Amino acid sequence: MKTGEDVLLLKSVGEIASENPEKIGVFKKYGVDFCCGGSKTLQDVCEESGIDRILIVDELKNYSVAENDDNYSLSKKAKDWDVNFLIDYIVNIHHTFLRVHIPEAEDYVEKIANVHGKGHPELLKIRGLFNKMSQAMFLHLDKEEKGLLTDIKAGKTENIKQEIEDALYYHEYVGHILKEMLFLSSGYSVPKDACASYKHAYELLKNISDDIMIHVHMENNILFKKI
Ligand SMILES: [Fe+2]
Ligand SMILES: [Fe+2]
């Protein structure tokens with residue numbers, strides 16, 4: 001293995017994702033958790049998940065889609081943003097996205113679980129997991145906005161360490177649920193007999209999952225690293 005490849009393996013996956021968000025596509029392909037599990041080194045992730053390190057390092061070096069993806073190019077710029085602006089962005093874009101789209105997805109998931117749950121029992125499990133995550137998510141968004149994010153803006157440091165620990169804990173909890181839902185839905189691929197609601201529900205769940213990954217990445221790997 002060349003020296004350059006060793007350097008990449010010793011970096012944390014969160015660091016790689018925040019320095020080069022265009023590489024996130026490779027992490028998604030290999031199922032690497034770069035947001036909540038971002039503190040692990042690439043080498044450790046490869047060992048734990050049985051990923052071929054030469055293959056992934058090679059792909060990481062040659063992959064580039066940043067120009068075509070607004071989310072990734074924005075999260076690249078976010079590294080240089082002022083902390084207050086970054087917080088406003090997270091709240092106005094990501095928290096708002098979840099507040100709007102989670103209730104919509106809940107309705108659709110409820111509908112398809114009722115109609116197709118017998119033939120596709122995984123939908124019943126997905127409904128249970130999604131409802132659990134949604135409830136916790138709304139509490140988390142409020143808690144972050146009233147606690148951690150307000151305290152950072154006001155320069156109140158006494159509770160910040162604990163508030164960041166709480167947020168990290170919750171992000172990890174959500175990460176586990178998202179992974180399980182991804183597995184149960186086979187990566188949100190709809191079965192052949194799927195109706196329009198089924199397709200729409202999976203599309204919503206996939207968008208929510210993608211948005212949470214970027215949102216948590218911005219908090220864990222960019223915002224929390226700045227303070
Ligand atoms: Fe957040
Ligand atoms: Fe959060």
Side-chain angles (χ1 to χ4, degrees), residues 12-19 21 24 27-28 31-40 45 69-106 109 129-182 204-227:
S12 75
V13 289
E15 215 180 329
I16 298 174
S18 53
E19 282 170 3
I24 286 173
F27 286 157
K28 281 179 149 183
V32 171
D33 175 6
F34 61 90
C35 39
C36 347
S39 58
K40 289 181 186 167
V45 171
D69 195 307
D70 288 349
N71 257 338
Y72 299 152
S73 42
L74 262 177
S75 74
K76 185 164 193 165
K77 289 183 195 136
K79 268 188 15 163
D80 305 320
W81 289 348
D82 162 76
V83 169
N84 286 353
F85 183 79
L86 178 58
I87 290 174
D88 288 342
Y89 179 85
I90 289 172
V91 173
N92 290 323
I93 301 298
H94 293 292
H95 289 200
T96 302
F97 178 92
L98 292 173
R99 288 194 172 106
V100 171
H101 292 287
I102 282 179
E104 187 192 356
E106 273 181 330
V109 170
L129 287 167
F130 186 61
N131 288 345
K132 215 162 84 176
M133 189 207 73
S134 306
Q135 274 177 15
M137 177 60 86
F138 286 128
L139 290 175
H140 174 67
L141 297 179
D142 282 345
K143 202 172 165 190
E144 252 180 9
E145 286 171 21
K146 288 178 190 142
L148 177 61
L149 302 180
T150 302
D151 287 350
I152 295 174
K153 276 188 159 184
K156 273 173 69 186
T157 49
E158 59 269 32
N159 300 322
I160 283 183
K161 198 166 170 260
Q162 185 58 47
E163 284 167 339
I164 289 182
E165 267 171 37
D166 291 348
L168 290 173
Y169 177 82
Y170 173 75
H171 293 164
E172 212 177 311
Y173 170 76
V174 165
H176 285 303
I177 294 189
L178 290 181
K179 236 181 245 174
E180 220 176 318
M181 285 171 51
L182 196 72
L204 283 169
L205 290 179
K206 191 182 174 300
N207 290 344
I208 287 171
S209 164
D210 283 350
D211 198 82
I212 291 176
M213 279 165 80
I214 294 292
H215 170 188
V216 169
H217 167 64
M218 279 200 172
E219 289 175 355
N220 282 15
N221 302 325
I222 301 176
L223 178 63
F224 298 168
K225 292 282 178 325
K226 279 181 187 276
I227 45 185

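Just so we're clear, the structure is a prediction, and the values are computed from it rather than from any experiment. Only this structure's heavy atoms are used, side chains among them; waters, hydrogens and symmetry mates stay out. Each ligand, and each atom within it, is numbered from 1 in the order the structure gives.
- Our summary of the site lists the angle at the Fe ion (ligand 1) between NE2 of H95 and NE2 of H215 as 90°, to the nearest 10 degrees.
- Ion pairing of K161 with D166 is absent here, as no side-chain N (NZ or NE/NH1/NH2) approaches a carboxylate O to less than 4.0 Å.
- Atom NZ of K226 sits in a crowded spot, with more than 12 heavy atoms from other residues, nucleotides or ligands closer than 6.0 Å.
- Within the 4.5 Å cutoff, the side chain of L149 has no heavy atoms near those of the K153 side chain.
- Side-chain atoms of Y170 and E144, non-hydrogen and from C-beta on, never get closer than 4.5 Å to each other.
- Side chain of N221 to backbone of F34: a donor-acceptor contact under 3.5 angstrom is found.
- Not a single N/O/S atom of H94, whether from backbone or side chain, sits less than 2.8 Å from the Fe ion (ligand 1).
- Nearest to the Fe ion (ligand 1), among the N, O or S atoms that E144 has, is OE1.
- Checked against the Fe ion (ligand 1), the N, O or S atom of E219 at the shortest distance is OE2.
- For H140, the nearest N, O or S atom to the Fe ion (ligand 2) falls under 2.8 Å.
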